Amino acid sequence: MNKTHYHVVAAIIRNQGEILCMQRPEGRHEYTSRRWEFPGGKVEPGETEPQALQRELREEMDYEVAIREHYMTLEHEYPDIIVTLSFWFCDAADRTFNRKEHLDHKWLRRDQLNTLDWTDADKELINKLTANEL
């Protein structure tokens, strides 16, 4: 089976020593439904990763952040798709945003990240984040 490949960007948004975590809505894929992720989305043709990240955060959350630096890129294969996921550190001046698509959100310290049920693609990042200082 030829799997569809997606290039996705995600924001590790920091504010007051905590990181923003978002809970995905119920969806058609059991492997991502209601699980936790970092906000972001697909990179469209002609966009840079930072441009895609700013656009996605505006569309999904009405949120403006300062994109600081690329942290890591990983590839994950789900049963029907392949995702190349690029994570960027971002800083937020405040915690005010409009949650349009996600079910819930939490601001957690780095040592609390493992308490959530993350999507499989995000788990490798979580392991690295909890093992290293930000």
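All values reported here derive from a predicted model rather than from experimental measurement. One-based numbering along the sequence shown.
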List the steps, then state whether side-chain contact (heavy atoms from CB on, under 4.5 Å) holds for K106 with L116. CA-CA 10 Å; K106 293 182 183 202; L116 300 178; 4.0 Å; yes
R24 and E37: salt bridge (Lys or Arg N to Asp or Glu O under 4.0 Å), yes or no, with the steps? CA-CA 7 Å; R24 292 179 59 89; E37 67 176 1; 3.0 Å; yes
Under the criterion side-chain contact (heavy atoms from CB on, under 4.5 Å), I'd like the reasoning laid out for T84 against Y6: C-alpha separation, chi angles, the key distance, then a yes or no. CA-CA 6 Å; T84 298; Y6 294 106; over 6 Å; no
Checking side-chain contact (heavy atoms from CB on, under 4.5 Å) for the pair D91/I13: CA distance, chi angles, key distance, verdict? CA-CA 5 Å; D91 292 324; I13 301 173; over 6 Å; no
Step by step, would you call I126 with W36 a side-chain contact (heavy atoms from CB on, under 4.5 Å)? CA-CA 11 Å; I126 296 302; W36 292 82; over 6 Å; no
Go through the steps to decide whether E60 and R99 satisfy the test salt bridge (Lys or Arg N to Asp or Glu O under 4.0 Å), and finish with yes or no. CA-CA 7 Å; E60 293 183 2; R99 196 174 65 223; over 6 Å; no
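Judged by distance alone, the side chain of D62 and the main-chain N or O of N98 form no donor-acceptor pair under 3.5 Å. Formation of a donor-acceptor pair under 3.5 Å by the E47 side chain with backbone atoms of E44 is found in this model. A donor-acceptor pair under 3.5 Å links the side-chain atoms of Q23 to the main chain of R34, judged by distance alone. Side-chain N or O atoms of R35 include one that pairs as donor or acceptor with a backbone N or O of W118 at under 3.5 Å. A donor-acceptor pair under 3.5 Å is formed between the side chain of D94 and the backbone N or O of T96.
Considering E101, E56, M22 as possible partners of P39, the one that fulfils the side-chain contact (heavy atoms from CB on, under 4.5 Å) test is M22.
A tilted orientation is assigned to the rings of Y63 and F97, their planes being inclined by 30° to 60°.
Residues V65 and C90 come closest through the heavy atom pair CG2-CB, 3.8 Å. Here the closest non-hydrogen pair linking V43 and T48 is CG1-O, 4.4 Å. Of all heavy-atom pairs between I81 and V83, the closest is CD1-CG2, 3.7 Å. In terms of heavy-atom proximity, L53 sits nearest to A11 at CD1-N, 3.7 Å. Across every non-hydrogen atom of A121 and L74, the tightest pair is O-CD1, 3.5 Å. Minimum heavy-atom separation, F38 to I12: CD2-CA, 4.2 Å.
Atom CG of D111 and atom OG1 of T130 lie 9.0 Å apart (nearest 0.5 Å). In this structure, CD1 in I82 is found 6.0 Å from CD in E75, a value given to the nearest 0.5 Å. Rounding to the nearest 0.5 angstrom, the gap separating the OG atom in S86 from the NE2 atom in H7 is 5.5 Å. Distance check, rounded to the nearest 0.5 Å: CD of E59 to NZ of K100 gives 8.0 Å. The CZ atom of R55 sits 9.5 Å away from the NZ atom of K42 when rounded to the nearest 0.5 Å.
Using a 4.5 Å heavy-atom cutoff, the side chains of E64 and L57 are not in contact. Under the 4.5 Å side-chain criterion, counting only non-hydrogen atoms from C-beta, H105 is in contact with L20. Contact check for R14 versus R68: side-chain heavy atoms found under the 4.5 Å cut-off. At a threshold of 4.5 Å between non-hydrogen side-chain atoms, the residues I19 and L113 count as touching.
Within a 6.0 Å sphere centred on CD of E124, other residues, nucleotides and ligands contribute 12 heavy atoms or fewer.
Aromatic ring centres of F89 and Y71: separated by under 6.0 Å.
Under the 3.5 Å distance criterion, with hydrogens and angles disregarded, a donor-acceptor pair is assigned to the side chains of W88 and E49.
Remark: R95 qualifies as a cation-pi partner of W107 under the 6.0 Å distance and 45° angle criteria applied to the six-membered ring. Both the sub-6.0 Å distance and the 45° axial angle are not jointly satisfied by K3 relative to the ring of Y78.
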